[in-house]
Engineer: 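Right, I'll just put the structure down here and ask away after.
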Amino acid sequence: MDKPWHADDSFWLAVYPITFGPRAFARAEGEVDAALRLLDLPPGASILDIPCGPGRHSVPLARRGFRVTGVDRTRPLLDKARQHAAEAGVEVELLEGDLRTFRRPGAFDAVLNMFTSFGYFEDPAEDLEAARGFHRSLRPGGRLLMELVGKEVLARTFRARDWVREGGAVLIEERVVRDGWDWMTARWTVLNGSERHELTLEHRIYSATELLALLRAAGFGEVRAFGSLEGAPYDHDAKRLVVLATA
């Protein structure tokens, strides 16, 4: 049986030049500063970045003096994260693991889940299990920050076909929303020099109400939705779905 797309190393290697190109790493600096303003953490706080990918947020957090643990199930991305941490001269604990099963009870002041890295699993019970893991890994009063594409934003901005260029690579994307706006399937064609990759990405689409309800079911107390990492309201002008939840 084939692996799901999110567990297939070849998927991430194919999309790496687009998804994690120089512009994405440059954006991460501002994203980290905005996230930290929402989280309002003390200096030197302990942060879990899950999944951490190539360390796009983990490394800037470590540079700002935080104790960072990055968890990802994709070994090639962890290798990239180790390389970026070494180049930056910072220490990041990097672990291979699945966000559905990773637990370090009461170990972190904050958990980050960024860049629509949630809702990959066909069974919604697995999303709930992942959220319970976030909650269990936080100290009492610790905070979870999630940043993803929200159903309301997607409905307002949806395009069935789109493309983007990053350096010498081009991504052509075709999107289909199905199951009553519960699920999105995207067909990606990545062109990079002489290489051509035909890929499929799928994930559940959460509204703010749905995601806040899931986090409450996972044990979180106060939960709030914002329309950007800068803390804008989650309204008709929202750019992203950003959720701040307190354990």
Side-chain angles (χ1 to χ4, degrees), residues 1-28 30-31 34 51 53-54 56-57 72-74 76-77 80 113-124 126-127 146-211 225-230 232-243:
M1 184 175 179
D2 293 338
K3 291 181 179 179
W5 68 268
H6 53 84
D8 187 347
D9 289 1
S10 65
F11 174 92
W12 295 107
L13 290 172
V15 304
Y16 192 91
I18 295 283
T19 306
F20 300 114
R23 286 188 293 183
F25 273 87
R27 286 196 304 270
E31 291 166 358
R56 200 165 65 93
H57 299 104
D72 204 287
R73 68 174 299 162
T74 305
L77 295 185
K80 292 283 189 182
N113 178 264
M114 305 283 283
F115 199 44
T116 312
S117 298
F118 193 79
Y120 290 171
F121 315 114
E122 289 190 26
D123 184 352
E126 293 186 278
D127 287 352
M146 302 181 71
E147 181 265 338
L148 61 160
V149 59
K151 187 179 295 187
E152 300 89 345
V153 177
L154 183 64
R156 189 185 76 236
T157 63
F158 184 80
R159 297 177 66 175
R161 295 174 181 84
D162 206 353
W163 69 278
V164 64
R165 181 188 297 274
E166 179 71 34
V170 175
L171 167 66
I172 302 167
E173 183 173 5
E174 298 177 277
R175 307 180 184 96
V176 176
V177 172
R178 54 189 178 85
D179 297 343
W181 274 88
D182 186 58
W183 194 257
M184 185 168 73
T185 299
R187 312 288 183 187
W188 285 9
T189 301
V190 179
L191 307 174
N192 189 14
S194 61
E195 296 181 12
R196 179 187 178 98
H197 301 277
E198 303 282 350
L199 308 163
T200 299
L201 176 154
E202 298 183 287
H203 64 89
R204 182 164 285 98
I205 314 165
Y206 280 98
S207 70
T209 298
E210 291 165 340
L211 187 55
F226 300 93
S228 71
L229 282 170
E230 288 70 34
Y234 194 71
D235 58 16
H236 60 283
D237 291 323
K239 298 176 182 177
R240 301 284 284 177
L241 172 54
V242 176
V243 172

Engineer: Without swapping roles, check the side chain of Glu173 against the backbone of Ala186 for a donor-acceptor pair under 3.5 Å.
Structural biologist: no

Engineer: So which heavy atom on Pro76 is nearest to which on Asp9, and how close?
Structural biologist: CD-OD2, 3.4 Å

Engineer: Does Arg156 reach the main-chain N or O of His236 with its side chain, forming a donor-acceptor pair under 3.5 Å?
Structural biologist: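 Answer holds: yes.
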
Engineer: What pair of heavy atoms forms the shortest contact from Pro17 to Glu166, and how long is it?
Structural biologist: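 The answer is O-CG, 3.1 Å.
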
Engineer: I need the minimum non-hydrogen distance between Leu199 and Ala14, along with the two atoms involved.
Structural biologist: CD1-CB, 3.9 Å

Engineer: Does any non-hydrogen side-chain atom of Lys239 lie less than 4.5 Å from one of Val153?
Structural biologist: no

Engineer: With side-chain contact (heavy atoms from CB on, under 4.5 Å) as the test, would you mind laying out the steps for Phe11 and Lys3 before giving the verdict?
Structural biologist: CA-CA 10 Å; Phe11 174 92; Lys3 291 181 179 179; over 6 Å; no

Engineer: Can you measure from CG (Leu211) to CD1 (Ile205) and round to the nearest 0.5 angstrom?
Structural biologist: 13.0 Å

Engineer: Rounded to the nearest 0.5 Å, what's the gap from CZ on Arg175 to CZ on Arg161? Could you check?
Structural biologist: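 The distance works out to 11.0 Å.
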
Engineer: Any Lys/Arg nitrogen of Glu202 or Arg178 sitting under 4.0 Å from an Asp/Glu carboxylate oxygen of the other?
Structural biologist: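 Looking at Glu202 and Arg178, the cut-off is met.
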
Engineer: Which distance, rounded to the nearest 0.5 Å, do you find between the CZ of Arg187 and the OG1 of Thr185?
Structural biologist: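 So the CZ of Arg187 and the OG1 of Thr185 are separated by 6.0 Å.
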
Engineer: Under the side-chain hydrogen bond (donor to acceptor under 3.5 Å, both in side chains) test against Thr189, which residue among Glu174, Glu198, His197 passes?
Structural biologist: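 Going through Glu174, Glu198, His197 one by one, the side-chain hydrogen bond (donor to acceptor under 3.5 Å, both in side chains) with Thr189 is satisfied by Glu198 alone.
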
Engineer: Under 4.5 Å between any side-chain heavy atoms of Trp188 and Thr19, yes or no?
Structural biologist: yes

Engineer: Using the rule given for side-chain contact (heavy atoms from CB on, under 4.5 Å), can you reason through Trp183 versus Glu122, listing the C-alpha separation, both sets of side-chain angles and the distance that settles it, and then say yes or no?
Structural biologist: CA-CA 9 Å; Trp183 194 257; Glu122 289 190 26; 4.2 Å; yes

Engineer: Nearest 0.5 angstrom please: Glu152 CD to Trp181 CH2, how far?
Structural biologist: 10.0 Å

Engineer: Give me the atom names and distance for the closest heavy-atom approach of Asp72 to Gly53.
Structural biologist: OD2-N, 2.7 Å

Engineer: Could you tell me whether the side chain of Glu195 and the main chain of Asn192 form a donor-acceptor pair under 3.5 Å?
Structural biologist: no

Engineer: Please find the pair of heavy atoms, one from Leu148 and one from Thr116, that lie closest to each other, and give the distance.
Structural biologist: CA-OG1, 3.4 Å

Engineer: To the closest 0.5 Å, what do you measure between CG (Asp182) and OG (Ser207)?
Structural biologist: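 Rounded to the nearest 0.5 Å, the CG-OG separation comes out at 10.0 Å.
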
Engineer: For the pair Ile18 and Val164, evaluate side-chain contact (heavy atoms from CB on, under 4.5 Å) and give the outcome as yes or no after the intermediate values.
Structural biologist: CA-CA 8 Å; Ile18 295 283; Val164 64; 4.1 Å; yes

Engineer: When you measure from the side chain of Trp12 to the backbone of His6, do you find a donor-acceptor pair of N or O atoms at a distance under 3.5 Å?
Structural biologist: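 Yes; judged by distance alone, with no hydrogens or angles, the pair exists.
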
Engineer: With a 3.5 Å distance limit and no angle check, can you tell me whether Arg196 reaches the backbone of Val190 through a side-chain donor-acceptor pair?
Structural biologist: no

Engineer: Nearest heavy-atom pair of Ala238 and Pro233: which atoms, and what distance?
Structural biologist: CB-O, 4.2 Å

Engineer: Could you tell me whether the side chain of Trp163 reaches within less than 4.5 Å of the side chain of Val170, counting heavy atoms only?
Structural biologist: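 Yes; the side chains approach each other to less than 4.5 Å.
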
Engineer: Do Met114 and Arg56 have side chains that get closer than 4.5 Å, going by heavy atoms?
Structural biologist: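 SC-SC contact between Met114 and Arg56 ruled out.
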
Engineer: Look only at the side chain of Asn113 and the backbone of Met146, and say whether a donor-acceptor pair between them is shorter than 3.5 Å.
Structural biologist: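 Looks like no, no N/O pair under 3.5 Å.
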
Engineer: Kindly indicate whether a cation-pi arrangement holds for Lys80 with Tyr16, taking the cut-offs as under 6.0 Å to the six-membered ring centre and within 45° of the axis.
Structural biologist: yes

Engineer: Nearest 0.5 Å, what's the CZ-CG distance between Phe118 and Asp127?
Structural biologist: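 Phe118 atom CZ to Asp127 atom CG measures 4.5 Å (nearest 0.5 Å).
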
Engineer: Do the side chains of Trp5 and Leu201 get nearer than 4.5 Å, heavy atoms only?
Structural biologist: yes

Engineer: Kindly indicate whether the side chain of Pro54, heavy atoms from C-beta on, has any atom under 4.5 Å from the side chain of Phe25.
Structural biologist: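 Yes, side chains in contact.
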
Engineer: So Lys151 and Thr209, do their side chains get closer than 4.5 Å, heavy atoms only?
Structural biologist: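 The answer is no; the side chains never approach within 4.5 Å.
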
Engineer: Would you indicate whether the side-chain heavy atoms of Val149 and Arg240 approach each other to under 4.5 Å?
Structural biologist: yes

